[in-house]
2 protein chains.
Amino acid sequence: MADIKPIGKALFLREEELRRGIEMMFFAYRDFTGEADSILAEQNMGRAHHRAIYFIGRNPGITVSELLGILNITKQSLSRVLSALVETGHVVQHTGPEDRRQRLLYLTETGNALEARLTEVQGRRFAKAYREAGMSAVEGFHRVLQGLLDDRTGQQVDELGQARQSAYRSGDDG
Amino acid sequence: MADIKPIGKALFLREEELRRGIEMMFFAYRDFTGEADSILAEQNMGRAHHRAIYFIGRNPGITVSELLGILNITKQSLSRVLSALVETGHVVQHTGPEDRRQRLLYLTETGNALEARLTEVQGRRFAKAYREAGMSAVEGFHRVLQGLLDDRTGQQVDELGQARQSAYRSGDDG
DNA sequence: GGTTTTATGTCAGCCATGTTGACCAAAATT
DNA sequence: AATTTTGGTCAACATGGCTGACATAAAACC
């Protein structure tokens with residue numbers, strides 16, 4: 001059995017590899033959000049506002065509950081941010097046509113402009129990374145990220161993708 | 001020139017692909033940190049404590065300045081966390097032998113145990129993702145993450161890798 | 001060698017954003 | 001009519017960023 005590997009060393013290398021992933025994830029996320037954070041700071045906003053704006057822009061007419069499902073925060077936290085965004089004219093709430101309890105959320109022109117600006121800087125960063133890494137690396141990147149998700153999140157992401165493909169909600173920004 | 005592509009559609013696909021990256025990054029980071037956050041909450045700690053513990057464990061004898069360089073936060077923010085960790089017996093500070101202004105940081109046994117526990121849950125998640133995605137995907141994952149970094153961070157990460165390989169600092173936990 | 005400058009770290013207090021808990025109102029359900 | 005669901009509000013609290021003021025050690029300068 002000459003092909004038995006030195007287990008100790010293999011485990012060491014494995015741990016090093018995992019730690020490398022952990023660290024890179026930390027640094028990459030920090031830098032990935034950094035530029036957007038700066039833009040947001042100019043407007044006295046934070047990441048919480050960004051996340052709300054992003055997912056409202058991506059899903060016009062989304063309800064507060066649905067948004068809560070995506071963000072995984074409490075309604076009190078979200079409420080604070082939404083109030084601010086309505087106040088500053090980035091978001092409008094329309095009473096649901098079927099269920100009048102619901103407040104369907106839409107970006108205003110101002111909100112759309114900010115969303116575009118934020119997504120542009122983050123997209124630019126991704127475009128550079130994708131370009132440098134190459135197509136097959138991008139494929140691998142997606143697969144690993146997918147594997148990092150909780151099962152529940154994985155399902156959610158799939159559902160979001162489906163919903164987006166199939167139909168846009170009726171509404172001003174449709 | 002029959003191979004000119006329909007630009008409009010290509011751009012649309014490109015934007016969709018970039019948005020997919022942006023979203024996956026958000027979800028993956030959230031889930032990636034979630035388990036560790038729970039463990040930390042048990043001990044009345046947060047992510048800031050985790051980051052300090054992680055990088056001290058990884059670089060025994062690191063100075064506060066060096067740690068600040070890694071974390072990109074203010075010294076005041078770090079100081080608060082370090083004081084708490086010394087208080088709870090997770091970290092010890094030794095005056096620098098050359099430059100007596102410095103406080104070299106080390107994990108205690110307790111600190112090491114917590115670090116190991118936290119790194120284990122995060123490592124397990126990465127191990128699963130890596131296993132499912134396959135080796136070449138992992139390679140691509142690293143390359144894309146690398147490309148997402150600020151230039152300055154990329155250099156830093158390299159330097160850290162070097163320092164770790166070449167020599168361990170003298171100290172109790174060497 | 002004493003003074004200034006630089007490096008390093010601490011204390012105090014502010015702000016954003018997460019949390020719980022208690023409670024209210026409107027609409028839908030039974 | 002009573003209950004449940006949905007959404008909102010107020011209050012209080014914790015974490016972890018931030019700035020400003022300050023203390024001390026080391027280095028640089030005259």
Side-chain angles (χ1 to χ4, degrees), chain A residues 26 29-31 33-34 36-56 61-88 91-105, chain B residues 26 29-31 33-34 36-56 61-88 91-105:
Chain A
F26 163 67
Y29 193 76
R30 188 192 64 186
D31 288 355
T33 54
D37 287 348
S38 301
I39 292 173
L40 290 159
E42 286 170 17
Q43 327 225 353
N44 298 311
M45 295 189 192
R47 269 184 218 176
H49 301 81
H50 185 184
R51 294 196 278 259
I53 287 177
Y54 182 88
F55 286 107
I56 294 170
I62 191 173
T63 65
V64 173
S65 303
E66 288 169 334
L67 191 49
L68 283 174
I70 293 175
L71 298 177
N72 256 8
I73 59 175
T74 59
K75 62 178 177 177
Q76 291 90 332
S77 295
L78 178 56
S79 172
R80 190 198 288 131
V81 167
L82 282 181
S83 305
L85 290 174
V86 168
E87 188 79 15
T88 54
V91 167
V92 288
Q93 300 174 325
H94 291 172
T95 301
E98 318 265 289
D99 186 335
R100 298 188 53 241
R101 288 171 299 184
Q102 295 176 340
R103 283 138 188 79
L104 308 188
L105 304 170
Chain B
F26 163 67
Y29 192 76
R30 188 191 64 186
D31 289 355
T33 54
D37 286 349
S38 301
I39 293 173
L40 290 159
E42 287 171 15
Q43 326 226 353
N44 298 310
M45 293 188 194
R47 268 184 218 176
H49 301 81
H50 186 186
R51 295 196 278 259
I53 286 177
Y54 182 89
F55 286 108
I56 294 171
I62 192 174
T63 65
V64 173
S65 301
E66 288 169 332
L67 190 49
L68 283 174
I70 293 174
L71 299 177
N72 255 8
I73 58 175
T74 60
K75 60 181 176 174
Q76 293 91 330
S77 296
L78 177 56
S79 172
R80 188 200 290 132
V81 167
L82 281 182
S83 305
L85 290 175
V86 168
E87 188 79 17
T88 54
V91 166
V92 288
Q93 301 175 324
H94 291 171
T95 300
E98 319 263 292
D99 187 335
R100 298 188 52 241
R101 290 174 297 188
Q102 297 175 339
R103 281 140 188 80
L104 309 188
L105 304 170

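Sequence lines set the chain letters: A, B, ... in the order given, protein chains first and strands last, and positions in each chain run from 1. Since the model is a prediction, treat every value here as computed from it, not as a measurement.
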Heavy atoms only, 4.0 Å cut-off, all strands: where does S65(B) land among base, sugar-phosphate and nothing?
sugar-phosphate
How many whole angstroms separate atom NZ of K75(A) from atom C1' of dT20(C)?
12 Å
Check for a donor-acceptor pair, side chain of T88(B) on one end and backbone N or O of A84(B) on the other, with a separation under 3.5 Å.
yes
Look at the side chain of Q76(B) against the base of dG9(C) and say whether a donor-acceptor pair falls under 3.5 Å; ignore hydrogens and angles.
no
Look at T74(B) and dC18(D) and indicate whether a side-chain polar atom (N or O) is within less than 4.0 Å of OP1 or OP2.
yes
Just to confirm, is there a sub-4.0 Å distance from OP1 or OP2 of dT17(C) to any side-chain nitrogen or oxygen of H49(A)?
yes
Please pick, from dT15(D), dG16(D), dT19(C), the nucleotide with the shortest atom-to-atom distance to any side-chain atom of I73(A).
dT19(C)
Could you tell me whether a side-chain N or O of E66(A) sits under 3.5 Å from a main-chain N or O of T63(A), the two making a donor and an acceptor?
yes
Contact under 4.0 Å: S77(B) side-chain N or O vs dG16(D) OP1/OP2
no
For E87(B), I'd like to know if atom CD has over 12 heavy atoms of other residues, nucleotides or ligands within 6.0 Å.
no
Distance check needed: dT15(D) P versus H50(B) NE2, whole Å only.
17 Å
Can you tell me the distance, in whole Å, between the CG atom of L78(A) and the P atom of dT6(D)?
16 Å
Which nucleotide in dT19(D), dG9(C), dT19(C) has an atom nearest any side-chain atom of R80(A)
dT19(C)
Could you check how far CG of L40(A) sits from C1' of dG17(D), rounded to whole Å?
15 Å
5' priority, DNA chain D, between V64(A) and V81(B) [closest heavy atom]:
V64(A)
Let me know the distance between CG of L82(B) and P of dG17(D), rounded to the nearest Å.
12 Å
Could you label the plane-to-plane angle of the Y29(B) and Y29(A) rings as parallel, tilted or perpendicular, counting under 30° as parallel and over 60° as perpendicular?
parallel
Looking at dG8(D), I'd like to know if its phosphate oxygens (OP1 or OP2) sit under 4.0 Å from a side-chain N or O belonging to R103(A).
yes
Separation of dT5(D) atom C1' from E66(A) atom CD, nearest Å, is 15 Å
Here's a test of your reading of the structure: between Q93(B) and R51(A), which maps to the more 5' nucleotide of DNA chain C?
Q93(B)
State, with a plain yes or no, whether a side-chain heavy atom of N72(B) is found less than 4.5 Å away from one of R30(A).
yes
Would you please confirm or rule out a distance under 4.0 Å between OP1 or OP2 of dG9(C) and any side-chain N or O of S79(B)?
no
To the nearest angstrom, the CD-C1' distance between Q102(B) and dT10(C) comes to 17 Å
Take atom CZ of R47(A) and atom P of dG16(D), then tell me their distance rounded to the nearest Å.
13 Å
